[in-house]
Protein chains: 2
Amino acid sequence: MRITIKDIAKKAGVSPAAVSKALNGQPDIGEATREKILRISRELGYTPNIIARNLVMKGNKTLGVLIPDISTPIYPVIFQGINERAGKYGYTLLLADTGRDLGNERKFISTMMENRVAGLMVSPVSNDVSHIEEAVRNQIPIIYFGGKVNDGMEDYVGVDNYHGALLAVSHLTGLGHRRIVMICDDLNTKTRFDRVEGYRKGMEEKGLAPDVFVDDEGLKGRECGMAAMTRILRGRREIPSAVFALNDLMAIGAMEALDGAGLRVPGDVSVVGYDDIPFASLPMIGLTTVWQPKFQIGETALEQLHQRLKGDGGRGNHKTILQPELRIRTTTGPV
Amino acid sequence: MRITIKDIAKKAGVSPAAVSKALNGQPDIGEATREKILRISRELGYTPNIIARNLVMKGNKTLGVLIPDISTPIYPVIFQGINERAGKYGYTLLLADTGRDLGNERKFISTMMENRVAGLMVSPVSNDVSHIEEAVRNQIPIIYFGGKVNDGMEDYVGVDNYHGALLAVSHLTGLGHRRIVMICDDLNTKTRFDRVEGYRKGMEEKGLAPDVFVDDEGLKGRECGMAAMTRILRGRREIPSAVFALNDLMAIGAMEALDGAGLRVPGDVSVVGYDDIPFASLPMIGLTTVWQPKFQIGETALEQLHQRLKGDGGRGNHKTILQPELRIRTTTGPV
DNA sequence: AAAAATAACTTAAACGTTTTAGTAAATTCT
DNA sequence: AGAATTTACTAAAACGTTTAAGTTATTTTT
């Protein structure tokens, strides 16, 4: 049995209230008794039961974090951002990986609510978060982040995908490229949509015709990039001089296809990705890509939640949009 | 204010005890009242307060997980193994990233104890876990895992590094290699030591002279691999025909150095890594390496903790050693 | 020296549950 | 019909804390 305040009280010959006060450094307790209590508590190896304390004090310092797939390279870093700030403010984190499964998301949200987290930070599985809102019922603050955020949400921290794509395309046009194709898996999230729009804008600014190739056969990542690139290479009269991929994995896939077709990167065609996942920076790959402020996303999300928790706790309707940065490496060059 | 059993009781005109029974499907409650209570509880959007329940029932279903750095590619997958099994058994996970900092490790261990987790799974920052044992005082079960486990620990799940290295070296000798050098950053963990021993054994079995190059100038990962390889290329009369690196990042570094020296992989020298981090399998890299059963480490750790929690909860002194597998790709070839 | 103030405690209620023991009413038994 | 049993509840204690209010004994004030 773990030892409690009562055990200390008994051993010290005082009341539990006295122990509580001594332990919390409150005033009305004598120096001698205080020291005695502290000594005994140390001897017995007492650890305060925070959850019992929270019960009476109301309010606790646990936050829930929901992530669709922690092994997707962006999330560990976001979590570290959250974790760091959480440590700073004394929060403890309940983390669950939903595995991109809506049922799991539902289940974990309930678990978190039952565990009386003070607030939630969720990177939702799907664009539709109505079941989350319903379960939470505005009882605690919630912040959304990640790839499935959209303008309809009340509070989220996101990244300016439009601007990120614009950066990528401007880089390419600046190098003299005119036939730039964008490859994409599907278009069913706002994140993807914004990147496409940014690309369109970047092209139109230079008077170039946008050319978006969507491969929505259900493939993802490398395989999708490879399939898309292969089909582009086969189907067109002129091959593009540059490719802008929806994400780094697709960019890698495209590079594989180019390699397979005997084309050199960036000699024959330049490639730009999006995300800056860890291996993008490996010298063997050297992918030019759009970096996301991952750590900062986590920090900001926690910071906002913290502010709301300190304040009224209501919906803040705070949408924070962070800015991505272009990382120029070796897969892009002059046309 | 979140609504409680009392609120439901008041609205239904019954006692809190009746509500509790109805909600938990206990027998001695009338059908009519049960339905009324259930209806009202649904209407009010009641969510049980699990932590209040745990207080009276004793024992809870929260486990603590401590990880040194969640952005190190192996950990997300381990966490998913833990997470999956946790969901299955109804555990909730408190996760903290210690950032490889001993002070943080201490702090988070206390936090977890104060939050009355039922058990702990920790991948320690250092080989010495005495401060953890001291804080935990055998009050709850604990399982160690990760890179800093050693035989002195009472309960851990680890990987057979000795055998993993043996696999790597046998592969190389099987291809006809005789001058195989192992490169290593330092030798201060059992994990590293075991890999070196496995390498030694593999060499000696074939009557070859082991050749371990330790670069302990404080460099890590790619930089260390590059530095080590560069020095080997400069300092020896005969260059080795194969390199076995302590880990994948060092292998990548070594490949960079080889490339810089105009040597082809695997034409001139074969390279084997260890860990099988995600990009090892990219076709551009195609690193032959030793894979670790990451997901299974997580699963096993949770499974063992669960068994102990169901049982006596005492030290199990269970050491589970999982087996690694060789992943042969394109950086190795016949001499 | 009596009254007032202060120091150092203790008592008891509260937080949101569960559960044991108790109770009144309805039903079954003989 | 009266006793015994069952049904459907309620009362109260418990879990480990905190805290407002109460109680002594001691010190200070006048």
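These numbers come from the heavy atoms of this one structure, side chains and all, not from hydrogens, waters or symmetry mates. Per chain, numbering begins at 1; letters A, B, ... match sequence-line order.
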Charged tip of B/K319 within 45° of B/Y156 ring normal and under 6.0 Å: no
Among A/L23, A/D7, A/V19, whose side chain to side chain contact (heavy atoms under 4.5 Å, CB included) with A/Y46 holds? A/L23
Exactly one of B/V14, B/L38, B/L44 clears side chain to side chain contact (heavy atoms under 4.5 Å, CB included) with B/I8, and that residue is B/L44
Given [options], identify the nucleotide with an atom nearest to the side chain of [X].
{"X": "A/A18", "options": "D/dC15, C/dT17, C/dT10", "value": "C/dT10"}
{"X": "B/D28", "options": "D/dT17, D/dA8, C/dT18", "value": "D/dA8"}
{"X": "B/S15", "options": "C/dT18, C/dA12, D/dT10", "value": "D/dT10"}
{"X": "B/M57", "options": "C/dG16, C/dT18, D/dT17", "value": "C/dT18"}
{"X": "B/K6", "options": "C/dT10, D/dG16, C/dC15", "value": "C/dC15"}

Please give, in whole Å, the distance from [N] [atom2] to [X] [atom1]?
{"X": "B/Q26", "N": "D/dT7", "atom1": "CD", "atom2": "C1'", "result": "15 Å"}
{"X": "B/L55", "N": "D/dT18", "atom1": "CG", "atom2": "P", "result": "13 Å"}
{"X": "A/K10", "N": "C/dT10", "atom1": "NZ", "atom2": "P", "result": "15 Å"}
{"X": "A/L23", "N": "D/dT18", "atom1": "CG", "atom2": "P", "result": "8 Å"}
{"X": "B/K58", "N": "C/dT17", "atom1": "NZ", "atom2": "C1'", "result": "13 Å"}
{"X": "B/N60", "N": "C/dT18", "atom1": "CG", "atom2": "P", "result": "15 Å"}
{"X": "A/I5", "N": "D/dC15", "atom1": "CD1", "atom2": "P", "result": "14 Å"}
{"X": "A/R116", "N": "C/dT17", "atom1": "CZ", "atom2": "P", "result": "6 Å"}

Just wondering, are more than 12 heavy atoms of other shown residues or ligands nearer than 6.0 Å to NZ in A/K11? no
Within a radius of less than 6.0 Å around CD of B/E134, do more than 12 heavy atoms belonging to other residues, nucleotides or ligands occur?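 Open: at most 12 neighbouring heavy atoms sit under 6.0 Å from CD of B/E134.
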Under the 3.5 Å rule, do the base of C/dT10 and the side chain of A/K21 count as making a donor-acceptor pair? yes
Residue closer to the 5' end of DNA chain D, A/S20 versus B/R53 (nearest nucleotide):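 Looking at the nearest nucleotide for each, B/R53 comes out on the 5' side.
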Look at B/T33 and D/dC9 and indicate whether a side-chain polar atom (N or O) is within less than 4.0 Å of OP1 or OP2.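 For B/T33, the contact criterion (side-chain N or O under 4.0 Å from OP1 or OP2 of D/dC9) is met.
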How is A/N54 classified with respect to the nucleic acid when contacts are heavy atoms under 4.0 Å: base, sugar-phosphate, or nothing? nothing
Which is true for B/N49 with a 4.0 Å heavy-atom rule: it touches a base, it touches only sugar-phosphate, or it touches nothing? sugar-phosphate
